[in-house]
Amino acid sequence: MHFKDKVIYQAYTKSFNDTDGNGYGDIKGVTEKLPYLKKLGVDMVWLNPFYVSPQNDNGYDIADYKAIDPMYGTMEDVEEMIAVGKEYQIDFMFDLVLNHTSTEHAWFQKALAGDKKYQDYYILREAVAGQEYPTNWDSKFGGPAWQPFGDTGKYYLSLYDPTQADLNWRNPEVRKEAADIVNFWMDKGVKGFRLDVINVIGKDEKLINSTGDIDQEKSLYTDKPIVHEYLRELNHNSFGQDPEIITVGEMSSTSIESSIEYSNPKNDELTMVFNFHHLKVDYPNKEKWTKAPFDFLELKQLINDWQIGLGENGGWNALFWNNHDQPRAISRFGNDTQYREKTATSQAHILHFLQGTPYIYQGEEIGMTDPHFTELEQYRDIESINAYKQLKEKGVPHAEAMAILAQKSRDNSRTPMQWNAKENAGFTEGTPWLQVAHNYPEINVERELAEGEIFPYYQRLIQLRKERKIIREGSYQPMFLEHEQLWAYRRILDDEEIITFANFYGKPLKVDLSSEVADQAWHYLLGNYGEKSFNMTLELEPYEAISFEYKS
Ligand code: GLC
């Protein structure tokens, strides 16, 4: 099957399903739920990192790329999961963090002990005369981007947590290690790779101070032209050798131009890209740690620009509302109480009719919400805890800081998967590492499968993508881009057309379509309020989404 037919499910391993009662999800827990994922209809499961790690950044701080952290199980468990997956025609996408290692990785430890070979695996620099560090860059999790390298007087670059040391991709040995890691997992039968923050691997030999402007600073190490060369080399030396392998690059602050290059098959780089611009529409003045409403027109415009930008230039989008780094879209852009089901199905509808590969984040298919935590002690995420400290330092009162975390924290999506109404939502028999959202007695898989409308809607959306070439390959065109409540677009393939309309808000909507839509024999295709006939005066209920099709 071609990658354009596939729908990918993201299981946040740590919070998916715990079979041994240690409070953390595990590999066996994923294997156990394969029948459930098969029922949903997905083709591939992306698992967040489960390699040996001190877990300072929930496994994105890898200490051994080829070994399983005992809290998640064993290598045999992984092999079994892959084998059982085959029986269900479900492949796996592993998450590789190749921009940095944990400082507990043997390479870093050897480097610290004085081994020159391994010192060249990292980005070590001396402080520049007149300033404290080699450059004035900030780490993405707060604080300086440089940490003292033992007692050598040098500093190592760490763009994320101080225990995540950036690798030196200028060193061919590092690039060989990266290919070797990919090949190791390919040999085990892994068919997909998600490459963490892969567009920041290209650092210059000479690193310079930024002006202090955050975008200018990021441009000093993001999307550097050399990244394309590194990716091509990695492709040729590993995943590119198997045409079935799917790769997705997680692209931090990238551009449409760069992403076309990353994902155009002609370039032998990656299959597709994740970009995050549409998930910054509630960051006023680029500031994440605020409590702010989202900008609907900007959200639509961004999705639109990426649809057109990549779609018309041979690139390929990864489509997603949610992941383990984002609050849940249902709470963020919709109504997670009165219209929870309709919000869930309309968001899914909008996304699954677009061009690209849809990703479903665990719990989305049952309408899981943010947990609405109120106490700092409920949070585990290092970025959120750092943000709280910084907010307090700026004089923000506790209650306001908590409201900001409740809106923006990554832990919002990391709460355990809600399987049933039993204690801890059936996620664990022990104590969950992160508290389960309070609403699990009402929102859980068991109940959803028995009487819910969200899971069946996802099933239908996945099935439709497989049935209709137009959904996979049709071109995209916007409609009513300036409308403040309606999300609408068309897909076109030869003599076929699909038009999609969604009311993004909780008040009913009436629109005269004549300026954008031809009055012809449109047939109902799918809608979250059930079948309706086409009318040039479109009336939509709260969070209603509907598509019609036409064939000449
Ligand atoms: C990516 C991951 C995130 C992690 C960061 C650093 O953005 O998705 O969870 O903290 O990279 O590895």
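The structure displayed is predicted, hence computed values, not measured ones.
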Report task. Could you go through the side chain to side chain donor-acceptor pair (under 3.5 Å) check for Asp77 and Thr31 one step at a time? Result -> CA-CA 9 Å; Asp77 294 345; Thr31 311; over 6 Å; no

Report task. Let me see the working for Thr101 and Tyr122 under side chain to side chain donor-acceptor pair (under 3.5 Å), right down to the final yes or no. Result -> CA-CA 9 Å; Thr101 72; Tyr122 294 93; 2.7 Å; yes

Query raised in the report: Does a side chain donor of either Ser547 or His349 reach within less than 3.5 Å of an acceptor in the other side chain?
Result: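 Yes, because at least one side-chain N or O of Ser547 sits under 3.5 Å from a partner of the opposite role on His349.
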
Take the angle between the ring planes of [X] and [Y] and call it parallel below 30°, perpendicular above 60°, tilted in between.
X	Y	result
His278	Trp321	tilted
Phe504	Trp487	tilted
His398	Tyr388	perpendicular
Tyr65	His105	tilted

So does [X] pair up with [Y], basic N to acidic O under 4.0 Å?
X	Y	result
Arg414	Asp325	yes
Arg447	Glu451	yes
Lys38	Asp43	no
Glu544	Lys342	no
Asp411	Arg380	no
Glu383	Arg410	yes
Glu467	Arg460	yes
Asp5	Arg465	no
Lys422	Glu446	no

Between [X] (side chain only) and [Y] (backbone N and O only), is there a donor and an acceptor less than 3.5 Å apart?
X	Y	answer
Glu448	Ile454	yes
Lys4	Arg472	no
Asp242	Phe239	no
Gln147	Pro162	no
Tyr543	Thr345	no
Ser53	Gln55	yes
Lys66	Ile181	no
Asp61	Asp57	yes
Tyr121	Phe108	no
Thr13	Phe50	no

Roughly how far apart are [X] [atom1] and [Y] [atom2], rounded to 0.5 Å?
X	Y	atom1	atom2	answer
Tyr72	Ile27	OH	CD1	8.5 Å
Tyr505	Asn335	OH	CG	12.5 Å
Leu449	Lys39	CG	NZ	5.5 Å
Asn317	Gln355	CG	CD	7.5 Å
Met44	Trp46	CE	CH2	12.5 Å
Ser384	Leu376	OG	CG	9.0 Å

Query raised in the report: Hey, mind stepping through Gln326 and Tyr361 against side chain to side chain donor-acceptor pair (under 3.5 Å) and telling me if it holds?
Result: CA-CA 10 Å; Gln326 300 291 334; Tyr361 180 68; over 6 Å; no

**Report entry** Nearest heavy-atom neighbours spanning Asp26 and Met71
**Finding:** CB-O, 4.2 Å

Report summary line: Heavy-atom nearest pair, Gly23 first then Phe427, reads O-CE2, 3.5 Å

Query raised in the report: Run the ring-ring contact (aromatic ring centres under 6.0 Å, His included) check on Trp316 and Phe3 step by step: do they pass?
Result: CA-CA 10 Å; Trp316 195 252; Phe3 72 86; 5.7 Å; yes

**Report entry** Residue among Thr343, Asp336, Asn412 satisfying side chain to side chain donor-acceptor pair (under 3.5 Å) with Ser331
**Finding:**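 Passing option: Asp336.
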
Query raised in the report: What's the verdict on salt bridge (charged side-chain N to carboxylate O under 4.0 Å, His left out) for Glu250 and Arg194, showing C-alpha distance, side-chain angles and the deciding distance?
Result: CA-CA 7 Å; Glu250 189 214 16; Arg194 181 245 187 209; 3.3 Å; yes

Quick check: are there more than 12 heavy atoms from other residues, nucleotides or ligands sitting under 6.0 Å from [atom1] of [X]?
X	atom1	answer
Tyr24	OH	no
Gln463	CD	yes
Glu429	CD	no
Lys191	NZ	yes

Query raised in the report: Looking at Leu279, Asp370, Asn322, which one forms a side chain to side chain contact (heavy atoms under 4.5 Å, CB included) with Arg332?
Result: Leu279

**Report entry** side chain to side chain donor-acceptor pair (under 3.5 Å) evaluation trace for Glu365 with Tyr457
**Finding:** CA-CA 8 Å; Glu365 75 281 15; Tyr457 208 77; over 6 Å; no

